[in-house]
Amino acid sequence: MPVNEISKVIEILRKTVPPHPYKSRDPFRVLIATVISQRTKDEVTYEVAEKLFQKYPTAEKLKDAPVEEIARLIYPAGFYREKAKKIKEIAKLIWEKYKGKVPTTLDELLKLPGVGRKTANIVLSRCYGKDAIAVDTHVHRISNRLGWVYTKNPLETENALMKVLPRKYWRDINELLVMFGRTICRPQAPKCDICPVKQYCKYYQEKESGGGRSA
DNA sequence: AAAACGGGGGC
DNA sequence: GCCCCAGTTTT
């Protein structure tokens with residue numbers, strides 16, 4: 001797909017897709033909230049994260065919180081035991097090794113437990129203004145459906161997107177496509193009939209010409 | 001009732 | 001690369 005067409009699709013989505021509800025740009029909060037959101041529907045997880053921050057607002061406080069108490073607070077997000085352990089360990093590392101400041105580079109972030117490329121890139125792009133593409137399953141699925149890239153895993157998608165997606169969109173693409181994926185371009189039964197960019201979508205075109213068979 | 005869902009890490 | 005992880009939502 002040509003670059004100017006990708007830009008057009010993004011501009012349409014920006015005008016039609018609802019804004020992402022999580023607004024904080026505090027690196028510590030974004031980092032912890034993103035870890036909590038892993039493998040869960042993120043509607044719930046931001047409420048859960050706020051409850052956690054009410055009781056433990058900083059890395060200094062969180063590093064001394066009992067794992068069971070963290071687990072109790074984040075329970076609705078699922079995987080609460082393993083996440084609680086990781087969250088506490090992250091808080092401890094940030095406080096002791098990084099003097100209370102969340103690392104600002106990909107390499108350092110990836111050393112934290114429970115932090116992979118998606119989580120690290122969320123922090124880099126949202127909190128530190130770096131040109132990073134945070135690829136989660138929404139970004140992966142939608143990029144492939146639209147025909148922007150043709151890849152089989154998130155890392156490939158990240159690399160391929162860096163070649164075809166104009167740099168000015170990198171930082172915002174995750175929030176935009178997450179909300180698009182939630183409301184229209186869902187994993188199953190996407191609402192193509194009301195999709196504002198279906199005319200630019202490979203998946204939709206194939207569905208139309210392929211006699212109703214899904215791709 | 002069963003399958004889909006969503007990141008990271010350990011092997 | 002494969003497989004596991006827990007609870008909610010969709011089919």
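All values reported here derive from a predicted model rather than from experimental measurement. Chain identifiers are assigned alphabetically (A, B, ...) following the order of the sequence lines, protein sequences preceding nucleic acid strands; residue numbering begins at 1 within each chain.
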Could you tell me how far apart [X] ([atom1]) and [N] ([atom2]) are, to the nearest whole angstrom?
X      : N      : atom1 : atom2 : answer
A:E89  : B:dG9  : CD    : C1'   : 15 Å
A:R141 : B:dG7  : CZ    : P     : 10 Å
A:R186 : C:dT11 : CZ    : P     : 7 Å
A:K85  : B:dG7  : NZ    : C1'   : 17 Å
A:H140 : B:dC5  : NE2   : P     : 12 Å
A:K111 : B:dG8  : NZ    : C1'   : 18 Å
A:I87  : B:dG7  : CD1   : C1'   : 14 Å
A:L155 : B:dG7  : CG    : P     : 15 Å

Please find the pair of heavy atoms, one from [X] and one from [Y], that lie closest to each other, and give the distance.
X      : Y      : answer
A:V123 : A:V30  : CG2-CG1, 4.3 Å
A:H140 : A:N144 : O-ND2, 2.8 Å
A:R141 : A:G181 : NH2-CA, 3.6 Å

Tell me which nucleotide among B:dG7, B:dG9, B:dA4 gets nearest to the side chain of A:K86. B:dG9
Side chain of A:A189: nearest nucleotide among C:dT11, B:dG7, B:dG6? C:dT11
Below 4.0 angstrom from OP1 or OP2 of B:dC5, is there any side-chain N or O of A:T40? no
N/O (side chain, A:Q38) to phosphate O (OP1/OP2, B:dG8) under 4.0 Å: yes
Using the [atom1] atom as the reference point in each nucleotide, state the distance between [N] and [M] in Å, no decimals.
N      : M     : atom1 : result
C:dC4  : B:dA3 : P     : 15 Å
B:dG10 : C:dG7 : C1'   : 23 Å
C:dC3  : B:dA4 : P     : 15 Å
C:dT8  : B:dG8 : P     : 22 Å

Mind checking if [X] touches a base, just sugar-phosphate, or nothing, with heavy atoms under 4.0 Å?
X      : answer
A:D42  : nothing
A:R117 : sugar-phosphate
A:L112 : sugar-phosphate
A:V115 : sugar-phosphate
A:P113 : sugar-phosphate

Tabulated below should be each protein N or O lying under 3.5 Å from an N or O of nucleotides 7-9 of chain C; please produce it.
{"from": "C:dG7", "atom 1": "OP1", "to": "A:Y80", "atom 2": "OH", "distance (Å)": "2.7"}

When you match A:T137 and A:L110 each to their closest nucleotide on DNA chain B, which lands nearer the 5' end? A:T137
Below 4.0 angstrom, N of the basic side chain to O of the carboxylate: do A:K15 and A:E11 qualify? no
Taking A:K63 first and then A:E89, would you say they form a salt bridge - that is, a charged N and a carboxylate O separated by under 4.0 Å? no
Would one find more than 12 heavy atoms of other residues, nucleotides or ligands at under 6.0 Å from atom NZ of A:K23? yes
More than 12 heavy atoms of other groups within 6.0 Å of A:K101 NZ: yes
Most 5' of A:Q188 and A:E82 on DNA chain C, judged by nearest nucleotide: A:E82
Are the aromatic ring centres of A:H20 and A:F180 under 6.0 angstrom apart? no
If B:dC11 has a Watson-Crick or G-U wobble mate with both distances under 3.5 Å, name it; if not, just say none. C:dG1
Could you check if a side-chain atom of A:V102 sits within less than 4.5 angstrom of a side-chain atom of A:Y128, using non-hydrogen atoms only? yes
